[in-house]
Amino acid sequence: MSVLTLFNQHPWLLPVSLLLLGLVVGSFINLVILRLPVMLEREERSFCGELLGVETGKSERFDLVRPGSHCPDCGHSIRAWENIPLISYLLLRGHCSHCGAHISLRYPLIEFFSGLLIVCLGLHYGQASPQLLGAMLLTWGLLALGMIDLDTGTLPDAITLPLLWLGLMFNLFGTFASLPDAVLGAMAGYLSLWAVYWIFKWLTGKRGMGHGDFKLTAALGAWLGWQALPLIILLSSLAGLAGAMLMLLLRRRSRSAPIPFGPWLAGAGWVALLWGAPMMAWYWRSIGLPNP
């Protein structure tokens, strides 16, 4: 019996499997969010040292595999049972089993959110399919990018560029958009925010956004086609403006502090992934124009 047949015979099995998979991958995403910026910073320092002829010295291996997961306060190596998504956090009551240090609530929340988003995708697509697989990969990439940008103010090429090429690869077969629409989407996504960046800089002399935002928008265009870009830019701009105003009202951020745009782009892209087509169809219909 094939896996697809098993899922079709037992409809409850797909969302349960997706939830478990989402929780496990969410745990890995926590690792990526924490370690990837440090890895890239070390790589840049090493590269600059080589260019300048400066000895930077050898450092211990640090990547997504080594060193093993450990408590940042006491260095206690996290055992297998302490690394079960969500369950371990509840069993440990949010504290290290060795030193009692508090474990951030953000870790189980990201695991839960990853599982929840993947279940939503399963319910939306209804069955295991190339579309569901692609949507899962895009969702995990957007979740990691949004959190990294929130933490560091950067959108690393190590995720945005593979995401762009993955989108074009899936659309070789028209999974989410035709290949010409996907290529145009990647081009238009990059150039649209690139133009906004330079116009804003010319008018104010300041940078309005980072180059990673161009690449993320290009990636979303590669996945969803150029038709989704107006909706993505509109939703992300409105959400970003509302979020900035809220943070200012709560005094969580000063007026001069930069506000990352990546999380809003990622959220708008995910909304467009699931509901972009009917939302755009309604928009074109409401203004009396044919849906492109």
Side-chain angles (χ1 to χ4, degrees), residues 3 6-7 10-39 61-129 131-152 155-156 158-159 162-163 166 262-263 266-267 269-271 273-274:
V3 175
L6 188 63
F7 283 145
H10 306 280
W12 59 269
L13 192 57
L14 180 61
V16 171
S17 301
L18 291 177
L19 176 62
L20 296 176
L21 178 61
L23 293 175
V24 171
V25 176
S27 180
F28 177 72
I29 289 174
N30 273 321
L31 187 68
V32 172
I33 294 168
L34 184 66
R35 295 194 180 187
L36 183 60
V38 179
M39 291 164 52
R61 178 179 171 182
F62 186 89
D63 51 34
L64 298 179
V65 178
R66 296 299 178 105
S69 298
H70 59 277
C71 173
D73 287 275
C74 67
H76 166 68
S77 295
I78 296 177
R79 292 163 288 190
W81 73 268
E82 297 174 327
N83 210 20
I84 303 172
L86 281 184
I87 296 175
S88 293
Y89 186 87
L90 296 175
L91 292 175
L92 295 169
R93 298 182 181 180
H95 292 85
C96 172
S97 63
H98 186 260
C99 68
H102 175 68
I103 302 172
S104 174
L105 183 61
R106 193 177 80 166
Y107 299 126
L109 284 179
I110 289 176
E111 293 168 353
F112 173 75
F113 200 49
S114 170
L116 179 64
L117 292 178
I118 299 308
V119 169
C120 288
L121 293 178
L123 295 175
H124 178 78
Y125 291 107
Q127 61 181 358
S129 64
Q131 271 192 317
L132 177 58
L133 174 61
M136 289 163 59
L137 295 175
L138 177 58
T139 298
W140 286 324
L142 293 177
L143 180 56
L145 284 169
M147 294 306 300
I148 290 174
D149 196 23
L150 199 62
D151 286 345
T152 67
L155 292 166
I159 300 179
L163 208 59
L166 269 175
W270 195 81
V271 170
L273 170 67
L274 266 65

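Side chains included, hydrogens not; waters and symmetry mates left out as well; all remaining heavy atoms used.
Leu86 places a side-chain heavy atom less than 4.5 Å from the side chain of Leu23. At least one side-chain heavy atom of Leu274 sits less than 4.5 Å from a side-chain heavy atom of Leu121. Contact of the Val25 side chain with the Ile118 side chain is not registered, since no non-hydrogen atoms from C-beta on lie closer than 4.5 Å. The side-chain heavy atoms of His124 and Leu273, taken from C-beta on, include no pair separated by under 4.5 Å.
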Donor-acceptor pairs under 3.5 angstrom involving side-chain atoms of residues 138-147: please list them, not counting sequence neighbours.
residue	atom	partner	partner atom	Å
Thr139	OG1	Ala135	O	2.7
Thr139	OG1	Trp270	NE1	2.9
Trp140	NE1	Ser114	OG	3.1

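Arg79 meets the salt bridge (charged side-chain N to carboxylate O under 4.0 Å, His left out) test with Glu82; sequence neighbours excluded. Remark: Leu105 pairs with Tyr89, Pro108, Leu109 by the side-chain contact (heavy atoms from CB on, under 4.5 Å) rule, at least two apart or across chains. Not counting sequence neighbours, the partners of Ser88 by the side-chain contact (heavy atoms from CB on, under 4.5 Å) test are Ile84. In this view, Ser27 satisfies the side-chain hydrogen bond (donor to acceptor under 3.5 Å, both in side chains) rule with no residue, not counting sequence neighbours. With sequence neighbours left out, the side-chain contact (heavy atoms from CB on, under 4.5 Å) criterion links Leu36 to Val32, Met39, Leu40, Ile148, Pro156, Ala158, Ile159. In terms of the side-chain contact (heavy atoms from CB on, under 4.5 Å) criterion, residue partners of Ser104 (sequence neighbours excluded) are, by chain and number, Arg106, Tyr107.
Nearest heavy-atom pair across Leu34 and Val38 is O-CG2, 3.8 Å. Between Leu18 and Val119, the shortest heavy-atom contact is C-CG2, 4.4 Å. The two atoms that bring Asn83 and Ser69 nearest to each other are ND2-OG, 4.4 Å, heavy atoms only.
Among residues at least two apart or in separate chains, there is no salt bridge (charged side-chain N to carboxylate O under 4.0 Å, His left out) pair with a member in residues 111-121. Residue pairs meeting the salt bridge (charged side-chain N to carboxylate O under 4.0 Å, His left out) criterion with at least one member in residues 115-125: none, sequence neighbours excluded. Applying the salt bridge (charged side-chain N to carboxylate O under 4.0 Å, His left out) test to every pair with at least one member in residues 16-29, sequence neighbours left out, gives no pairs at all.
Sparse packing is recorded around CD1 of Ile87, with 12 or fewer heavy atoms of other residues, nucleotides or ligands lying under 6.0 Å away. For Tyr125, the OH atom counts as densely surrounded, since its 6.0 Å shell holds more than 12 non-hydrogen atoms of other residues, nucleotides or ligands.
The CG atom of Leu31 sits 11.5 Å away from the CD1 atom of Ile110 when rounded to the nearest 0.5 Å.
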